[in-house]
Amino acid sequence: MLDVKFIRENRESVRKAIKSKQLSEALGKLDDLLIADEAYRLLRQDLEEKQAQRNANSKKIGELKRRGENAQNLIHEMGVISAEVKRLEEKGRSLEAQIQTLQYEIPNLPHQSVPYGETEHDNVVVHERGKVPEFDFEPRPHWELAVQRGWIDFEAGVKLTGAGFPVFKAAGAKLVRGLASFFLSYLADNGFVEVIPPLLVNAASATGTGQLPDKEGQMYEVNEGYYLIPTSEVPVTNLHRGDILDEAELPIKYSAFTSNFRREAGSYGKDVRGLNRVHQFDKVEMVQFSHPDQSYEALEEMTETSEGLLEALGLRYRRLLMCTGDMGFTQAKKYDLEVWSPGQNRWLEVSSISNMEAFQAARLQVRFRAGGRQGRGRTELVHTLNGSALAFPRTIAAIIECYQNGDGTLNVPEVLRPFIGTARLE
């Protein structure tokens, strides 16, 4: 979240940023926040004056009593002032809570390098790499091929749970397992420490990373205030909630392979068919805690790491720099990676890599101290980053569509063969 003092001193810049992110509903929250902040500062001034007056009266009462003089008038006056101090303190606590609630409604500011735009059509293609697959037959969409071969059972998922919960079988299950092993091994070679987090988080964790109060409608809430994770970014970023880190430890880099759960509603048609949009999906996530001076270098490195996976898989991909209006509530800068789908003749998003700057760290209170935890230097908020490496559903869809044979079998990308144990899936 943004600091209240920063918002107050940069209110027009914040207002402009809210508009650029197409989050007009937050403009009213900004006005409410500024009004509450002004009321709180005036209240604090009044409170401090009355506390000083109460303390002065208390001292005078003591002096009068020591001299044996009557202090009843001052005692009565101090009682009135004390009651007013108590009232102001209670009102101050209420205003503080209101201000914090409103702070959660103000989005992060876009980095100066982010292009202005209103919709996904304003995103900028940074580069495209890889060859377009060539076939001597008409390539089929993954949902036709995978169902015919028995690799993915969408109907079983509907029976067991509902739409958007596919069941992977046989070669399909091998592909999932092989991708997880390859991705995690690749990230380990790039300095990421693997963790296995819980699949449930509490409201404090979801609030810390910005899922609450912004994305309640996308998460599955279960009993007793727990939420199924929409991404492992949530539990992994919360690992250091409230910590003061040693500057020498930075950057701290984690990877995690988990199932993820989202209640995303979508339109009908081929854009959401098959694995294009599901409610439960696997993903390997990267999370990094960075020194503020190095976070944008870290963003480029993390994006190149995800691109390295796509290059190793031999998939044609492109990098998009997301515009202000398609970037999201918490991000300061965001890249999307998309792979080419020959069976659908379109691009599929498989990764988003984002720099949140200090936005999440302010909620989580994750700081570092120069000179180590025992140092005397001032603490400073870290920058947090996260990114997919990669999301499985559309990556699997692209692999099936790009590596399919005319007889319905699938050539396994060479880099996956050691993890799957075969060069072809039947």
Side-chain angles (χ1 to χ4, degrees), residues 1 29 96-98 100-108 156-168 176 180 183-184 192-243 252-266 275 277-289 328-331 351-352 354 356 359-367 382 384-393:
M1 62 185 175
K29 303 295 184 182
E96 282 183 308
Q98 181 185 358
Q100 185 178 64
T101 299
L102 290 167
Q103 274 182 280
Y104 287 149
E105 302 284 352
I106 308 301
N108 201 359
V158 171
K159 179 171 69 173
L160 296 175
T161 309
F165 294 88
V167 175
F168 291 86
V176 170
F183 289 172
L184 290 169
F192 288 84
V193 176
E194 183 180 348
V195 298
I196 301 176
L199 299 183
L200 288 172
V201 292
N202 55 31
S205 294
T207 301
T209 49
Q211 274 64 38
L212 295 177
D214 181 50
K215 298 184 177 68
E216 297 96 329
Q218 294 185 18
M219 292 193 295
Y220 287 98
E221 184 175 6
V222 298
N223 291 337
E224 300 175 358
Y226 292 105
Y227 296 85
L228 288 169
I229 61 170
T231 165
S232 52
E233 165 204 343
V234 180
V236 175
T237 308
N238 273 274
L239 286 175
H240 290 294
R241 180 172 9 128
D243 290 350
I252 298 174
K253 302 161 70 174
Y254 293 119
S255 66
F257 169 61
T258 64
S259 292
N260 307 275
F261 307 86
R262 294 184 188 175
R263 298 177 57 192
E264 294 176 315
L275 297 175
R277 181 169 294 170
V278 291
H279 297 303
Q280 177 180 330
F281 62 98
D282 296 320
K283 177 163 64 78
V284 172
E285 185 77 358
M286 302 177 289
V287 169
Q288 184 168 164
F289 298 85
F329 185 88
T330 59
Q331 292 93 354
S351 178
S352 292
S354 304
M356 311 297 188
F359 190 80
Q360 289 180 329
R363 293 181 175 218
L364 297 163
Q365 284 301 291
V366 185
R367 299 177 177 270
V382 301
T384 62
L385 304 96
N386 63 74
S388 311
L390 302 159
F392 280 32

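Note that this is a predicted model, so its numbers are computed, not measured.
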For E233 and V287, work out which heavy atoms get closest and say how close. CA-CG2, 4.0 Å
Please identify each residue that fulfils salt bridge (Lys or Arg N to Asp or Glu O under 4.0 Å) with E285, with sequence neighbours left out. K283
Taking all atoms of both residues into account, what is the closest heavy-atom pair of S388 and S351, and its distance? O-OG, 2.6 Å
Apply side chain to side chain donor-acceptor pair (under 3.5 Å) to T237 and list each qualifying residue two or more places apart in sequence or on a separate chain. none
Show, in sequence, the C-alpha distance, side-chain angles and deciding distance for I106 and M1, and conclude whether the side chain to side chain contact (heavy atoms under 4.5 Å, CB included) test is met. CA-CA 7 Å; I106 308 301; M1 62 185 175; over 6 Å; no
Those residues at least two apart in sequence (or on a different chain) that pass ring pair (Phe, Tyr, Trp, His ring centres under 6.0 Å) with F257 are F392
Nearest heavy-atom neighbours spanning Y104 and P213: CB-CD, 3.7 Å
Partners of E194 by side chain to side chain donor-acceptor pair (under 3.5 Å), sequence neighbours excluded? none
Side chain to side chain donor-acceptor pair (under 3.5 Å) involving T207 - partner list, sequence neighbours excluded: none
By the ring pair (Phe, Tyr, Trp, His ring centres under 6.0 Å) test, which pairs, at least two apart or in different chains, include something from residues 221-240? H240-Y254, H240-F289
Name the orientation class of the two ring planes belonging to Y220 and F261 (parallel below 30°, tilted from 30 to 60°, perpendicular beyond 60°). perpendicular
Do you know which two heavy atoms are closest between G210 and R363, and how far apart they sit? CA-NH1, 3.5 Å
Please name all residues satisfying side chain to side chain contact (heavy atoms under 4.5 Å, CB included) with T101, sequence neighbours left out, ordered by chain then number. none
Shortest non-hydrogen separation from V278 to L275 and the atoms involved: CG1-CA, 4.2 Å
Looking only at heavy atoms, which two atoms of T231 and Q211 are closest? And how far apart? CG2-NE2, 4.4 Å
So does Q218 get a backbone contact from the side chain of R262, meaning a donor-acceptor N/O pair under 3.5 Å? no
Can you list everything that forms a side chain to side chain contact (heavy atoms under 4.5 Å, CB included) with T330? Sequence neighbours excluded, please. M356, F359
Check whether any side-chain N or O of N238 sits under 3.5 Å from a backbone N or O of S205 as a donor-acceptor pair, and report yes or no. yes
S259: side chain to side chain donor-acceptor pair (under 3.5 Å) partners, not counting sequence neighbours: D282
Spacing of T384 atom OG1 and L364 atom CG [to the nearest 0.5 Å]: 7.0 Å
Return yes if some donor-acceptor pair links the side-chain N/O of N260 with the main-chain N/O of F281 below 3.5 Å, else return no. yes
Sequence-distant partners of A204, side chain to side chain contact (heavy atoms under 4.5 Å, CB included), two or more places apart: N202, R241
